[in-house]
Amino acid sequence: MNPRSNRRIQDLKGRRALVTGASRGLGRHIALSLAGRGATVALSARDRSRLEGVRRTILRAGGKAIVCPADALSSAQVERAVETAVRRLGGLDILVNNAGGAERFAGLTELNESDWSAAYDLNVLSILRFTRAALPALRRSRSGRIINIASVSGLEPGRFNPHYSTAKAAAIHLSKVLANELAPMRITVNTVCPGPLRTDAWERNLADQAVRRRLPLSVCRKRVEQEEAAKVPLGRVGECSDVTGLVDWLAGDSAAWTTGSCLRIDGGKLRSIG
Ligand SMILES: NC(=O)c1ccc[n+]([C@@H]2O[C@H](COP(=O)([O-])OP(=O)(O)OC[C@H]3O[C@@H](n4cnc5c(N)ncnc54)[C@H](OP(=O)(O)O)[C@@H]3O)[C@@H](O)[C@H]2O)c1
């Protein structure tokens, strides 16, 4: 969502948010949208120059943001980044654990043990690292919010990337554990499970598929998009802007009584009712 487009809705004014994986893809859009609603946003990821670019975009749109780079695989870097965010923002109300993905796109027989460990580290342990580091500040907030980005593949695995889908299932489980534990502190914890989204990761996946299928990228792009759209009742791959509104809602006052929820936003892709 473009911060300009929702400039009048300032329902998160005064809230302080930290978004991981904010340098590109979905995390960048989440950060822009929260800032557009008035939150001051700390942007975290590894690539400082991209984070600075996101910060400039937010500032140009009249919002407030700082950067606090960190590798989500390093507890020491995460602690430093959260400490910087809390100090410069004067506290923390909202943590969006969005950093995630798979370093390697592959099927079961191609994956080795380190691929599985890496997927768990990035998609599960990073949530734990940021949550632990942010907990003292979130406890001091009058409305602490943790929003974890998982995936529909954590609810219904596909044939590809089982290391990723298994890690996302663990992330969903971890979110529920955290929701139960942190409810007495009035911190809510919810999971957002998007279906296929057009992001940088989507583009990398397409490039990988083009090699696997021995197709030119443009042909592969058309084919994969048609295949994926056919699996979605609403007939298209999602955009980041399809997801940001849900994150905004979870971050705000209207979601005060929502915790431990796992919310799918997938164009109807999953056919079960659970
Ligand atoms: N795209 C989809 O179809 C889809 C569907 C369902 C769920 N999701 C989930 O949505 C989230 C965002 O995905 P995306 O598609 O936007 O991915 P993306 O375009 O690849 O962006 C990933 C973000 O995570 C950051 N990141 C990756 N490794 C990191 C690390 N070790 N330390 C710190 N930051 C790291 C990246 O920044 P740096 O490289 O600068 O560190 C980047 O900002 C992920 O959790 C993903 O699993 C995506």
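Values in this document were obtained by computation on a predicted structure and should not be read as measured data. Ligands are counted one by one from 1 in listed order, and the atoms in each one are counted from 1 as well.
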[X] bridged to [Y] by N-O distance under 4.0 Å:
{"X": "Glu156", "Y": "Lys231", "value": "no"}
{"X": "Arg198", "Y": "Asp242", "value": "no"}
{"X": "Arg15", "Y": "Asp253", "value": "yes"}
{"X": "Arg221", "Y": "Glu203", "value": "yes"}

### Query
Between the side chains of Ser23 and Asp47, is a donor N or O closer than 3.5 angstrom to an acceptor N or O?
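Not at all, the side chains of Ser23 and Asp47 share no donor-acceptor pair under 3.5 Å.
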Check [X] against ligand 1 and report side chain, backbone, both or neither, counting heavy atoms closer than 4.0 Å.
{"X": "Arg204", "value": "side chain"}
{"X": "Arg50", "value": "neither"}
{"X": "Ala150", "value": "backbone"}
{"X": "Leu122", "value": "side chain"}
{"X": "Ala70", "value": "backbone"}

### Task
Go through the steps to decide whether Asn112 and Asp115 satisfy the test side chain to side chain contact (heavy atoms under 4.5 Å, CB included), and finish with yes or no.
CA-CA 5 Å; Asn112 59 40; Asp115 296 322; 3.2 Å; yes
Does [X], backbone or side chain, put an N or O under 3.5 Å from an N or O of ligand 1?
{"X": "Pro194", "result": "no"}
{"X": "Leu197", "result": "yes"}
{"X": "Trp202", "result": "no"}
{"X": "Leu73", "result": "no"}

### Task
Could you tell me whether ligand 1 has any atom less than 4.0 Å away from a heavy atom of Arg28?
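No, Arg28 has no heavy atom closer than 4.0 Å to ligand 1.
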### Query
Has Gly195 got any heavy atom lying under 4.0 angstrom from an atom of ligand 1?
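Judged by the 4.0 Å heavy-atom criterion, Gly195 does count as contacting ligand 1.
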#### Entry: atom 13 (O) of ligand 1 protein-contacted, heavy-atom criterion under 4.0 angstrom
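Given the 4.0 Å limit, the answer for atom 13 (O) of ligand 1 is no, no protein heavy atom qualifies.
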### Message
Using side chain to side chain contact (heavy atoms under 4.5 Å, CB included), reason through Leu32 and Val54 one step at a time and then give a plain yes or no.
### Response
CA-CA 8 Å; Leu32 294 179; Val54 180; 4.2 Å; yes
### Query
Among Gly101, Ser49, Ser44, Ala201, whose heavy atom sits nearest atom 19 (O) of ligand 1?
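The nearest heavy atom belongs to Ala201.
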### Task
Could you tell me which non-hydrogen atom of Arg223 sits nearest to which non-hydrogen atom of Leu215, and how far apart they are?
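Here Arg223 and Leu215 meet closest at NH1-CD1, 3.6 Å.
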